[in-house]
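The next block holds one structure in the form of structure tokens; read it before the comments.
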Amino acid sequence: MSSGVRGELEAAVLAAVRELGVKEPPDLELGRARNPNHGDYATPVAMKLARELRRPPPKIASDLAERLNLPPEVASIELAGPYLNFRLAEGWLQKLVGRVAADPDYGRSRMGGGERVQVEFASINPTGPIHIGHGRGVILGDALSRLLDFTGHQVQREYYVNDQNTQARRFGASVYARLHGLEPPEGGYTGEYVAELAEQARRDLPGIEELPEEEAELRLRGYAIDRMVDLIAATVSRLNVHYDEWFRESRLWDDGLPQKAIARLRETGQLQEREGATWFAPDVPGWEEDDEDRVVIRSNGEPTYFASDLGYLLSKFEERGFQRVIDVWGSDHHGYIPRMKSAMAALGLDPAALVVILNQMVNLKEGKMSKRQGRFVLLDELVDMVGADAVRFFYLVRSPDTMMEFDLDLAVSQSNENPVYYAQYAYARLANVDTFAAGREMPAQPELSLLREPWELALARQIAYWPEAVEEAARLLEPHRIPYFVHDLADSVHAFYQAGNRDAGYRVVVDDPELMRARLELCRAGRNTLRAALDLMGVSAPDRM
RNA sequence: GCCCGCUUAGCUCAAUGGAUAGAGCGCAUGGCUUCGGACCAUGAGGUUAGGGGUUCGAAUCCCUUAGCGGGCACCA
């Protein structure tokens with residue numbers, strides 16, 4: 001049940017449905033009406049009840065309407081065949097404007113009940129700078145975090161730093177090779193930044209060149225990864241993304257968590273020794289069909305990344321007590337989900353507490369992105385070219401499960417018509433009106449019933465939808481819904497403003513102080529809503545542009 | 001071969017199983033002597049990839065075909 005107007009309507013309809021003798025009411029599908037002629041909200045529930053009640057839907061609709069107990073100051077009911085339509089009362093909308101104008105935090109919800117949620121996102125191997133393919137996960141994860149925070153969850157943003165896996169070792173070895181003018185190792189890193197790292201290391205780590213290879217590699221690995229983490233943090237910070245925790249894989253082993261997880265699996269008979277290696281063999285329903293056994297400890301005694309991940313689950317759910325963890329992964333990792341879910345169950349954790357959100361890959365128009373072939377665009381370069389707000393919006397509007405083809409030339413040439421400026425301009429206009437009106441004589445308290453023009457009420461309606469738009473997006477974990485709301489709201493703002501260009505009598509700043517005061521209140525309500533929404537997208541709300 | 005995701009207007013993308021599938025860009029037409037034109041209004045543009053099915057009702061759920069992307073390691 002959602003809060004706000006919609007929640008009230010749902011509750012009222014539900015009560016009426018029960019009064020008709022329906023024990024298990026179906027989903028009301030009560031939502032905003034598409035066509036304005038149908039009012040503001042509508043439900044087709046009468047059609048769903050036709051079979052059970054053995055009556056024609058229009059009859060059921062009118063029966064429901066008779067029993068519906070709605071405060072008239074909120075909405076009126078209209079019958080349209082099998083549909084029940086609701087229209088928000090103007091008086092209620094006008095009062096709402098006053099409430100929102102006074103509430104800079106309008107739309108914040110307690111829906112989450114303080115649930116402790118971790119969002120782990122964009123945990124890219126810190127062996128190089130991040131490119132535009134990674135940007136998608138960065139923005140998606142951050143937007144999810146903002147959304148959950150706004151809806152009453154305790155959110156922690158985390159980046160998992162792989163500092164001791166195969167890639168990390170190769171990275172360290174590559175820097176070592178570069179430092180000594182040797183050929184990079186098999187599968188090593190060759191970019192120019194590796195050479196720069198080697199030079200920096202020569203300066204920052206005195207005596208590094210004299211150390212024996214093994215020790216030097218270890219130290220160079222740690223050093224290089226620190227530098228890369230700094231670099232990645234700096235890049236995402238330009239996009240208004242700030243992690244609470246950069247959690248290192250090595251810390252898991254220091255704390256003995258993978259060891260603990262392995263011991264637990266061994267005790268419960270969920271590991272097998274075979275071919276010299278230790279395999280994951282969980283006693284979990286569905287495992288046999290869905291996946292094969294996987295190696296936890298290699299035959300050479302080295303643990304796999306999966307061993308770390310087992311410990312990581314304990315860290316998240318037991319050591320740190322998160323009630324839910326949302327992992328944002330690239331879709332190339334989707335095959336890993338069944339194994340992680342099984343690992344949760346095998347460790348005695350609730351698999352449903354681990355939520356994985358996949359985002360599809362980003363491809364360059366010229367073809368697949370490839371570091372090796374030098375075919376990639378750095379996220380930093382993109383921010384340089386089009387700016388942080390446009391970049392965020394660019395990623396945010398797309399649902400994560402459609403693949404993106406990235407055309408850099410197009411992105412740059414279209415950056416000036418990015419819809420984000422449409423919304424920011426609406427905000428700046430509202431701010432400007434307030435400035436313009438400053439110092440004029442007007443009453444302290446607005447008489448909101450003066451807000452009667454269609455475009456004024458349309459703006460108020462759009463403002464009224466904000467809380468449910470937020471909750472919907474949070475419930476579905478779909479931040480891409482927010483920019484669409486923002487666009488609609490900006491639309492209403494511009495239409496409201498434009499009315500004053502057609503006819504000076506419709507401006508905000510008019511001779512009638514009562515009218516001006518009421519319209520200013522609407523501007524402030526619009527501003528608060530717009531700012532909250534832009535905030536949720538991590539996009540700035542400028543007073544001037 | 002098996003598994004996952006995607007296919008909606010010329011292009012980029014939306015749309016809790018509900019009424020006439022919507023935006024932006026592009027295209028056409030119209031609108032400022034005074035609150036910022038990065039704006040507004042109107043219009044053209046659709047077999048929701050193809051074919052079956054479920055349902056009172058399908059872009060949405062099921063089956064199937066095709067295309068695109070990804071995965072199927074003692075890599076992560």
Side-chain angles (χ1 to χ4, degrees), chain A residues 2 27-31 33-35 37-38 42-45 47-48 50-51 57 80-83 85 123-125 162 165-168 170 187 249 275-279 290-292 294-306 308-309 330-338 358-361 363 368 394 397-405 407 410 414 416-419 421-422 424-426 428-437 455 472 475-476 478 480-481 483-484 487-488 490-491 493-502 504 506-510 516 519 523 544-545:
Chain A
S2 46
D27 183 357
L28 301 181
E29 290 184 44
L30 188 145
R34 278 215 182 115
N35 186 332
N37 295 330
H38 299 148
T43 174
V45 71
M47 273 185 275
K48 298 189 162 195
R51 183 165 296 165
Y83 288 93
N85 294 337
S123 301
I124 307 127
N125 275 329
N162 289 105
N165 62 16
T166 311
Q167 298 304 322
R170 279 180 190 158
E249 182 184 6
E275 300 157 30
T278 303
W279 300 69
D290 291 348
D291 215 329
E292 305 161 28
R294 299 292 167 168
V295 170
V296 180
I297 301 171
R298 301 184 178 96
S299 49
N300 66 4
E302 291 280 331
T304 64
Y305 62 92
F306 186 47
S308 294
D309 280 340
S331 64
D332 52 339
H333 286 68
H334 82 264
Y336 197 44
I337 297 175
L358 298 175
N359 62 267
Q360 292 291 318
M361 304 282 92
N363 288 319
K368 189 177 171 170
F394 175 81
V397 281
R398 288 166 173 81
S399 149
D401 48 27
T402 66
M403 54 186 160
M404 257 171 82
E405 189 176 88
D407 182 336
L410 198 65
Q414 289 191 346
N416 283 331
E417 52 212 34
N418 189 307
Y421 301 119
Y422 180 78
Q424 291 180 321
Y425 185 50
R429 273 182 148 176
L430 293 179
N432 191 58
V433 168
D434 232 327
T435 309
F436 188 84
W455 45 87
E472 176 99 338
R475 190 169 52 78
L476 299 171
E478 293 182 349
H480 73 270
R481 290 166 181 271
Y484 287 93
H487 179 269
D488 288 347
D491 223 6
V493 169
H494 285 306
F496 160 72
Y497 188 93
Q498 198 69 30
N501 286 349
R502 273 201 313 280
Y506 295 135
R507 295 186 181 200
V508 176
V509 181
V510 286
M516 171 165 61
R519 287 176 181 166
C523 287
R544 300 166 181 280
M545 298 181 65

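In what follows, every chain begins at residue 1, and chains take the letters A, B, ... in the order their sequences are listed.
Counting non-hydrogen atoms under 4.0 angstrom, A:Q424 reaches nothing in the nucleic acid. Contact annotation for A:L30: base contact, defined as any heavy-atom pair under 4.0 Å involving a base atom. Residue contacts for A:Y305: at a heavy-atom cut-off of 4.0 Å it reaches a base atom on one of the strands shown. Looking at heavy-atom distances under 4.0 Å, A:N85 makes contact with a base. Residue-level contact check: A:E417 touches the backbone only, with heavy atoms under 4.0 Å from sugar-phosphate atoms and none from bases. Residue contacts for A:H333: at a heavy-atom cut-off of 4.0 Å it reaches a base atom on one of the strands shown. Using a 4.0 Å heavy-atom cutoff across all strands shown, A:R544 reaches at least one base atom of the nucleic acid. Residue contacts for A:S399: at a heavy-atom cut-off of 4.0 Å it reaches the sugar-phosphate backbone alone, with no base atom in range. Here A:R507 lies in heavy-atom contact (under 4.0 Å) with a base. Looking at heavy-atom distances under 4.0 Å, A:A499 makes no contact with the nucleic acid at all.
Pairing of B:C72, defined by two Watson-Crick or G-U wobble distances under 3.5 Å, is identified with B:G1. Taking a pair to require two hydrogen-bonding distances under 3.5 Å in either a Watson-Crick or a G-U wobble arrangement, B:A28 pairs with B:U42. Remark: B:A59 base-pairs with no nucleotide in the shown strands. Criterion, Watson-Crick or G-U wobble with two distances under 3.5 Å. The partner of B:A66 is B:U7, by the rule that a Watson-Crick or G-U pair needs both atom distances under 3.5 Å.
Scanning both residues, A:K48 and A:D27, for their nearest heavy atoms gives NZ-O, 3.3 Å. Here the shortest heavy-atom pairing between A:A504 and A:V510 reads O-CG1, 3.7 Å. Between A:D332 and A:M361 the shortest heavy-atom distance is OD1-CE, 3.5 Å. A:R298 and A:A277 get closest at one heavy-atom pair: C-CB, 4.1 Å. Between A:L28 and A:P44, the shortest heavy-atom contact is O-CD, 3.5 Å.
One interatomic measurement links the two molecules: OH of A:Y484 to P of B:C13, which rounds to 9 Å at whole-angstrom precision. Atom CZ of A:F306 and atom P of B:C75 are 14 Å apart (whole Å). The interatomic distance linking A:R34 (CZ) with B:G22 (C1') rounds to 8 Å, in whole Å. At whole-Å resolution of the value, CE in A:M516 and P in B:C35 are 15 Å apart. Spacing between atom CG of A:N35 and atom C1' of B:A21 amounts to 13 Å, rounded to whole angstrom units. As a whole-Å value, the separation of A:L28 CG from B:U16 C1' is 12 Å. When the C1' atom of B:A14 is taken as reference, atom CZ of A:F394 falls 16 Å away, rounded to whole Å. Rounded to a whole Å, the CD1 atom of A:I297 is 20 Å from the P atom of B:A73.
Between B:A21 and B:A58, the two C1' atoms lie 12 Å apart (nearest whole Å). Comparing B:A49 with B:A59, their P atoms are spaced 10 Å from each other, to the whole Å. B:U65 and B:G1: their P atoms are spaced 11 Å apart (whole Å). To the nearest whole angstrom, the two P atoms, one in B:G46 and one in B:C40, are 25 Å apart. Rounded to whole Å, the separation between the C1' atoms of B:G5 and B:C25 comes to 27 Å. Separation of the C1' atoms belonging to B:C63 and B:U20 is 30 Å when rounded to the nearest angstrom. Spacing between B:G10 and B:G45 at atom C1', rounded to whole Å, works out to 9 Å. B:G30 and B:G37 have their C1' atoms separated by 14 Å, given to the nearest Å.
Taking only side-chain atoms of A:M47, from C-beta outward, the nucleotide of B:G18, B:C75, B:G71 with the closest atom is B:G18. Considering only side-chain atoms of A:A504, the nucleotide from B:U34, B:A15, B:G69 that sits closest is B:U34. For A:F436, counting side-chain heavy atoms from C-beta on, the closest listed nucleotide (B:A15, B:G70, B:C35) is B:C35. Closest to the side chain of A:A80, out of B:A19, B:C35, B:A76, is B:A19.
Under the stacking criterion of a centre-to-centre distance below 5.5 angstrom and an interplanar angle below 30°, A:H487 is not stacked against the six-membered ring of B:G24.
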Please enumerate all protein N or O atoms sitting under 3.5 Å from an N or O of nucleotides 47-50 of chain B, with distances to 0.1 Å.
none

Would you tabulate the pairs of protein nitrogen or oxygen atoms and nucleotide nitrogen or oxygen atoms of nucleotides 37-40 of chain B closer than 3.5 angstrom?
residue, atom, partner, partner atom, Å
B:G37, OP2, A:R429, NH2, 2.6
B:C39, O2', A:R429, NH1, 3.1
B:C39, O2', A:Q498, OE1, 2.8
B:C39, O2, A:Q498, OE1, 3.4
B:C39, O2, A:Q498, NE2, 3.3
B:C40, OP1, A:Y422, OH, 2.3
B:C40, O4', A:Q498, OE1, 3.4

Produce a footprint string for nucleotides 1-9 of chain B: one letter per nucleotide, 5' end first; B if the base is under 4.0 Å from any protein heavy atom, S if only the sugar-phosphate is, - if neither. --BBBS---
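Evaluation of atom-type donor-acceptor distances gives a pair under 3.5 Å for the side chain of A:S299 against the base of B:C74.
Residue A:K48 is the one, among A:M361 and A:K48, whose nearest nucleotide of RNA chain B lies closer to the 5' end (criterion: closest heavy atom). Along RNA chain B, the nucleotide nearest A:A42 and the nucleotide nearest A:V295 are compared for position; the residue whose nucleotide lies closer to the 5' end is A:A42.
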Take A:V433 and A:R429 through the side-chain contact (heavy atoms from CB on, under 4.5 Å) test and state the conclusion after the steps. CA-CA 6 Å; A:V433 168; A:R429 273 182 148 176; 5.6 Å; no
Run the numbers on A:E249 and A:N165 for side-chain contact (heavy atoms from CB on, under 4.5 Å), then give the verdict. CA-CA 8 Å; A:E249 182 184 6; A:N165 62 16; 4.0 Å; yes
Go through A:L30 and A:V45 one step at a time and tell me if the side-chain contact (heavy atoms from CB on, under 4.5 Å) criterion holds. CA-CA 8 Å; A:L30 188 145; A:V45 71; over 6 Å; no
Determine, stepwise, if the pair A:N359 / A:R398 fulfils side-chain contact (heavy atoms from CB on, under 4.5 Å). CA-CA 10 Å; A:N359 62 267; A:R398 288 166 173 81; over 6 Å; no
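Taking A:Y497 as the reference, nothing meets the ring-ring contact (aromatic ring centres under 6.0 Å, His included) condition, with sequence neighbours excluded. For A:Y83, the ring-ring contact (aromatic ring centres under 6.0 Å, His included) test picks out no residue, with sequence neighbours left out. The ring-ring contact (aromatic ring centres under 6.0 Å, His included) test applied to A:Y506 returns A:W455, not counting sequence neighbours.
A donor-acceptor contact closer than 3.5 angstrom links the side chains of A:Y336 and A:D309.
Within the 4.0 Å cut-off from OP1 or OP2 of B:U16, at least one side-chain nitrogen or oxygen of A:R481 is found.
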